[in-house]
Amino acid sequence: MTAPYLGNPKRTIEVLQKYEFVFQKKFGQNFLIDTHVLDKIVNAAEITKEDFVLEIGPGIGTMTQYLASAAREVFAVEIDKALIPILEDTLQDYENVTILNEDILKVDIRKLAEERNGGKPIKVVANLPYYITTPIIMGLFEGEVPIDSITVMVQKEVADRMQVGPGTKDYGALSLAVQYYAEPYIVANVPPNCFMPRPKVGSAVIRLTRHEKPPVAVEDTKLMFRIIRASFNQRRKTLANGLKNSPELSFTKEEIQNAIAACGFPEGIRGEALTLEAFAALANAFVKLR
């Protein structure tokens, strides 16, 4: 198998000029041009020759070459059809790579894992566009896809949000959702000059290692996440008011007060003060009130 040759500015420019590629702002395209960062991503994902890897947004195939050199098989999903001929060129020597021109949100990843990996957990690696990071990550977790880990490049602010705890300004629904499903770990911060074109903000590589079982016991997961969203939709309001004003919830004022009291929380507590364990307890308290 050919050793990876993409990953520096010169080679990237050569490929882009050969195909007269035009960056599409709507797809949030920023291609990695730093081999050290590429090595860090592959190492953090702990790719082995046993692994089936789903890559989201391969671009011109830079990271795909690194993944293909380390993995048993790589399945790369790219939404921009203008990149497909480039990928067919840059990946022609990698027989263990399959390219699919599709929106990742429309791909049946559970079926893919079943057919290509015997239903065993897969590893997901991606350089994610900022605008679609949350829908993709939550779609992977909530879709009951068998996943070992997700190692992704995201906006630094989003990576910070995924790993923080209560009482910080970045703490919110995304923090709790990610931490319910996985253990987040920031691998590296990546400055804008590692990309072409340069984004306006810094990025970070974060690894989300799937929990074997959730860290909290909750009887109705969907209810818990409705409560979490309601609690953060109006951050300045008390928890009770946030729950009362939510269109997703239909509890009476009395039921809300009773559930909060049953958990032993102060009457004027705000949602951002609650841990994942506290939200699980609150959801369970509402279930008991039914």
Side-chain angles (χ1 to χ4, degrees), residues 27-28 41-42 44-48 50-59 63-64 67 70-80 97-164 172-187 203-216 218 221-222 224-226 228-229 276:
F27 294 139
I41 293 170
V42 176
E46 297 179 354
I47 307 297
T48 72
E50 304 295 310
D51 290 323
F52 175 90
V53 178
L54 170 66
E55 184 187 9
I56 302 166
M63 189 153 62
T64 322
L67 293 171
R72 187 190 86 239
E73 184 179 356
V74 179
F75 194 95
V77 180
E78 175 55 58
I79 193 170
D80 186 357
V97 176
T98 303
I99 305 157
L100 176 66
N101 180 207
E102 184 56 274
D103 178 349
I104 189 63
L105 297 176
K106 295 178 181 174
V107 176
D108 187 339
I109 303 170
R110 277 181 73 183
K111 185 180 176 188
L112 181 68
E114 189 60 52
E115 291 175 352
R116 307 296 276 262
N117 204 43
K120 297 194 299 292
I122 66 173
K123 291 180 178 175
V124 178
V125 180
N127 176 11
L128 288 181
Y130 301 153
Y131 74 97
I132 204 168
T133 298
T134 302
I136 288 175
I137 288 176
M138 294 320 300
L140 287 165
F141 284 141
E142 292 172 349
E144 296 176 6
V145 178
I147 286 173
D148 176 272
S149 64
I150 303 173
T151 306
V152 289
M153 175 84 71
V154 296
Q155 189 174 340
K156 185 181 184 311
E157 181 188 318
V158 176
D160 289 340
R161 228 182 285 160
M162 289 182 195
Q163 66 155 14
V164 294
L174 179 63
S175 322
L176 288 152
V178 165
Q179 291 166 34
Y180 175 76
Y181 290 107
E183 177 74 34
Y185 169 69
I186 292 181
V187 175
S203 303
V205 178
I206 188 165
R207 176 187 162 120
L208 310 175
T209 306
R210 184 79 182 247
H211 292 308
E212 282 188 30
K213 65 175 190 175
V216 295
V218 60
T221 308
K222 288 182 178 174
M224 181 179 75
F225 282 117
R226 288 204 301 275
I228 287 170
R229 284 193 295 273
L276 179 60

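These values consider heavy atoms only, across backbone and side chains, with no hydrogens, waters or symmetry-generated copies. A quick note: this is a predicted structure, and the numbers were derived from the prediction, not measured.
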What verdict does the side-chain hydrogen bond (donor to acceptor under 3.5 Å, both in side chains) test give for Thr48 and Arg72, after you've listed the backbone C-alpha separation in whole Å, the side-chain angles of each residue and the deciding distance to 0.1 Å?
CA-CA 7 Å; Thr48 72; Arg72 187 190 86 239; over 6 Å; no

Beyond-backbone contact of [X] with [Y], side-chain heavy atoms, under 4.5 angstrom:
X: Ile122; Y: Val53; answer: no
X: Ile41; Y: Val187; answer: no
X: Thr98; Y: Val74; answer: no
X: Glu73; Y: Val97; answer: no
X: Tyr181; Y: His211; answer: no
X: Ile99; Y: Pro58; answer: no
X: Thr209; Y: Tyr185; answer: no
X: Ile79; Y: Asp103; answer: yes

Sequence neighbours left out, what passes side-chain contact (heavy atoms from CB on, under 4.5 Å) with Pro184? Give chain and number order.
Gln163, Val178, Gln179, Ile206, Leu208

Would you please indicate yes or no on a ring centroid separation below 6.0 angstrom for Phe225 and Tyr180?
yes

When you look at Lys123 and Asp51, which way does the salt bridge (Lys or Arg N to Asp or Glu O under 4.0 Å) test go after all the steps?
CA-CA 7 Å; Lys123 291 180 178 175; Asp51 290 323; 3.0 Å; yes

Acceptor/donor pairs from residues 146-158 side chains to any protein atom, 3.5 angstrom cut, sequence neighbours excluded:
residue: Lys156; atom: NZ; partner: Asp160; partner atom: OD1; Å: 3.4
residue: Lys156; atom: NZ; partner: Asp160; partner atom: OD2; Å: 2.9
residue: Glu157; atom: OE2; partner: Arg161; partner atom: NH2; Å: 2.7

Only one of Ile137, Ile132, Thr133 forms a side-chain contact (heavy atoms from CB on, under 4.5 Å) with Pro135, so which one is it?
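Only one option passes, and that is Ile132.
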
Is there a donor-acceptor pair under 3.5 Å between the side chain of Glu78 and the backbone N or O of Asp80?
yes

Criterion side-chain hydrogen bond (donor to acceptor under 3.5 Å, both in side chains) on Glu55 and Thr64, from CA distance to verdict
CA-CA 7 Å; Glu55 184 187 9; Thr64 322; 2.6 Å; yes

